[in-house]
Amino acid sequence: MLWSLIRIVIFIALVAAAAFGAGFLIDTGGEVRLSFAGREYTFAPIVALIGLIVLLAVIWAVLQVAGLLMATFRFFNGDETAISRFFTRNRERKGYEALADGLVALAAGEGRLAQIKAARAERFLEKPELTNIVAAQAAELTGDTKKAVTYYKGLLADDRTRFVGVQGLLKQKLAQGDTDTALKLAEKAFALKPQHGATLETLFQLQTDKGEWNGARKTVEAKVRANTLPRDVGRRREAVLALADAQAALETGQVTEARQAALHANGLSPDLIPAAQLAAEMQTLEGNKRAATKIIKKAWAQAPHPDLATAFADIEPGESPATRAKRFAPLIRQNPDHPESKLLQAELLLGAEDFPAARRALGNLVETAPTARGLAIMAAIEKGEGAPDHVIRAWLAKALDAPRGPMWVCERCGKVHTEWMAVCDNCGGFDTLTWRQPQETPADPTARTLMPGMASLIDAPVENVEETAPAAEEIAEDAASKPPPSEPKAAPVEAKPA
């Protein structure tokens with residue numbers, strides 16, 4: 001509206017200026033002399049001006065006729081569109097000018113103006129494959145999603161713009177939260193352009209959110225082929241997806257498929273602890289004890305983990321504590337200085353009732369890196385060596401409020417998980433869980449629920465300490481006879497503690 005008003009004002013100003021100029025020439029008087037071919041012609045100023053205008057019009061007409069003749073000549077020489085282009089070139093010029101103005105308005109964030117220019121360009125050009133793109137983005141800018149969807153659907157009719165139309169509809173469905181339809185559109189976009197980086201990333205995110213692990217693995221392969229994902233990162237992601245696929249197959253009772261997927265995941269990434277654990281358990285179920293042992297030892301050498309110890313114990317579930325300690329010795333020697341190796345060795349020696357050796361195995365771990373597990377082991381050692389009840393209770397009190405030790409923590413949102421999963425159930429991050437110490441405070445209630453049997457010792461009044469002493473003895477005896485349980489397992493296969 002404002003631009004139309006400005007154009008009217010400009011037109012009136014030009015007419016007024018022309019009238020003023022004509023009046024000025026008439027009032028001025030004088031004459032214009034023109035010499036041509038030895039003869040002299042005299043004209044009044046206003047007549048000379050009119051003659052000049054007529055001359056320019058004649059020249060323009062001659063040029064137009066010449067252009068038409070040239071177009072006709074081209075037409076008869078095989079250019080079938082030459083004459084039609086001659087008559088429509090002015091419309092095209094106006095159309096492309098309007099389209100350019102629409103793009104500028106779109107870049108400037110003026111959605112309504114961009115829509116007006118796109119409509120004008122369509123009237124002149126009649127090329128919806130161009131104008132619909134601008135119109136759709138302008139409609140999005142103004143919040144008119146219905147018009148945007150209409151324009152994007154219009155782009156589906158042309159092979160050159162079908163991908164843009166699918167992408168636009170995909171964006172709309174994601175904004176609406178319709179992930180089912182968005183996944184289908186992402187698959188369609190992937191079929192149209194298998195190497196488009198943004199499409200691959202969106203498709204992968206939707207597939208992992210839906211738990212479509214096989215499809216996500218194909219997407220990762222496509223990303224590696226398209227050089228949008230480094231090959232080593234692709235192997236890691238494929239391993240995580242194969243492990244998630246194995247866990248899903250195991251939950252539905254497909255043991256053979258789960259075994260194949262777990263072994264594939266372990267082969268791709270031997271340092272992926274949950275994959276090593278599950279692969280070892282699958283081999284144990286098949287009776288391949290040597291293969292299971294090899295898998296666990298290889299993973300333990302890189303990153304000791306309580307779940308690996310549990311899977312290693314399951315290889316020979318009926319062995320005596322002394323035999324078990326002997327079988328675990330080569331495993332522990334692969335990474336003897338790691339805190340998990342020290343805790344595991346102390347637990348095994350507790351099971352064999354070798355309390356001095358258990359104390360030596362634990363070393364100064366309870367001072368340098370105290371955790372609830374390590375302090376509980378220390379309480380069991382004190383009980384096994386016949387320490388007074390108040391000493392045992394002191395260790396148990398420390399254990400109750402100590403950090404729980406390493407757990408599966410999402411690096412994106414910080415949520416602590418009791419078991420490993422491919423996708424964080426809080427922020428949706430893929431492969432963001434790492435085994436580390438969470439940011440806990442001593443007052444964290446999760447630490448007090450780690451060993452609920454000790455809560456009565458800490459929460460009891462001072463005058464009732466004697467009454468709680470039997471509970472302390474019972475806990476310590478239990479700890480001395482049986483090592484504390486490891487952290488929760490990552491895989492759904494049931495296993496016995498080490």
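Everything numeric in this text was worked out from a predicted model, so none of it was measured.
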query: Does R327 reach the main-chain N or O of F312 with its side chain, forming a donor-acceptor pair under 3.5 Å?
result: yes
query: What do the steps show when you test E367 against N364 for side chain to side chain contact (heavy atoms under 4.5 Å, CB included), and what is the final call?
result: CA-CA 5 Å; E367 287 84 19; N364 63 345; 3.6 Å; yes
task: Start with the C-alpha gap between L349 and R360, add the side-chain angles, then the distance that decides, and say whether side chain to side chain contact (heavy atoms under 4.5 Å, CB included) holds.
output: CA-CA 10 Å; L349 293 170; R360 290 193 299 272; over 6 Å; no
- prompt: Are R404 and P438 close enough that some pair of their side-chain heavy atoms sits under 4.5 Å apart?
  reply: no
Side chains of V240 and F430 in contact at under 4.5 Å (non-hydrogen atoms): yes
query: Between T434 and E411, do the side chains contain an N or O donor and an N or O acceptor separated by less than 3.5 Å?
result: yes
field: Cation over ring face, R217 and F204, 6.0 Å, 45°
entry: no
task: Could you tell me whether the side chains of Q207 and T219 share a donor-acceptor contact shorter than 3.5 Å?
output: yes
field: Student check: side-chain heavy atoms of W300 and S341 closer than 4.5 Å
entry: yes
task: Side-chain contact test, heavy atoms from C-beta onward, threshold under 4.5 Å: evaluate it for I296 versus I315 and give yes or no.
output: yes
Within the 6.0 Å centroid threshold, strictly below: H305 and W408: yes
- request: Decide side chain to side chain contact (heavy atoms under 4.5 Å, CB included) for L250 and L278; before the verdict, give the C-alpha distance in whole Å, the side-chain angles of both, and the deciding distance to 0.1 Å.
  value: CA-CA 10 Å; L250 201 60; L278 186 55; 4.0 Å; yes
field: Test log, rule side chain to side chain contact (heavy atoms under 4.5 Å, CB included), inputs L243 and H264
entry: CA-CA 8 Å; L243 175 57; H264 182 61; over 6 Å; no
- prompt: What distance do N214 atom CG and L241 atom CG have between them, rounded to the nearest 0.5 Å?
  reply: 9.0 Å
- prompt: With a 4.5 Å heavy-atom cut-off, do Y152 and N132 have their side chains touching?
  reply: no
- prompt: Say you draw a straight line from CD of Q277 to CG of D314; how long is it, rounded to the nearest 0.5 Å?
  reply: 9.0 Å
message: Salt bridge or not between D425 and K415? Use side-chain N to carboxylate O under 4.0 Å.
response: yes
Neighbour count above 12 (heavy atom, 6.0 Å) for R436 CZ: yes
message: With heavy-atom distances below 4.5 Å as the criterion, would you say the side chains of N426 and C410 are in contact?
response: no
- prompt: Hey, is NZ on K188 packed in by over 12 heavy atoms from elsewhere, all under 6.0 Å?
  reply: no
message: Would the distance check show the side chain of E140 and the main-chain N or O of T145 forming a donor-acceptor pair, the cut-off being under 3.5 Å?
response: no
task: Measure the CD-CD1 distance between E382 and I377 for me, rounded to the nearest 0.5 Å.
output: 13.0 Å
- prompt: Pick from K326, K289, R324: which one makes a salt bridge (Lys or Arg N to Asp or Glu O under 4.0 Å) with E316?
  reply: K289
query: Run the salt bridge (Lys or Arg N to Asp or Glu O under 4.0 Å) check on E340 and R373 step by step: do they pass?
result: CA-CA 10 Å; E340 182 59 39; R373 182 180 168 199; 2.9 Å; yes
- line: Taken to the nearest 0.5 Å, the spacing of K398 NZ from T371 OG1 works out to 13.0 Å
- request: Applying side chain to side chain contact (heavy atoms under 4.5 Å, CB included) between L362 and each of Q345, M378, E347, report the one that passes.
  value: M378
- request: Assess whether salt bridge (Lys or Arg N to Asp or Glu O under 4.0 Å) is satisfied between K210 and D180, documenting all intermediate values.
  value: CA-CA 9 Å; K210 295 287 184 181; D180 292 332; 2.5 Å; yes
field: Pairs where residues 141-166 contributes a residue and the test salt bridge (charged side-chain N to carboxylate O under 4.0 Å, His left out) is met, not counting sequence neighbours
entry: E129-R160, D158-R160, D159-R162
H196-F163 aromatic ring centre distance below 6.0 Å: yes
message: Do T181 and D178 make a side-chain contact, defined as non-hydrogen atoms from C-beta onward lying under 4.5 Å apart?
response: yes
message: Any donor-acceptor pair under 3.5 Å linking the side-chain atoms of T323 with those of S320?
response: yes
Derivation and outcome, salt bridge (Lys or Arg N to Asp or Glu O under 4.0 Å), residues R237 and D431: CA-CA 8 Å; R237 288 193 175 185; D431 191 25; over 6 Å; no
query: To the nearest 0.5 Å, how far apart are CD in E122 and OG1 in T131?
result: 3.5 Å
Pairwise distance CD1(I133) to CG(L99) - rounded to 0.5 angstrom: 9.0 Å
field: side chain to side chain contact (heavy atoms under 4.5 Å, CB included) against K342, all qualifying residues, sequence neighbours excluded
entry: L365
task: Would you indicate whether the side-chain heavy atoms of L174 and L185 approach each other to under 4.5 Å?
output: no
query: If every non-hydrogen atom of P370 is compared with every non-hydrogen atom of L375, which pair is closest and at what distance?
result: CB-CD1, 4.3 Å
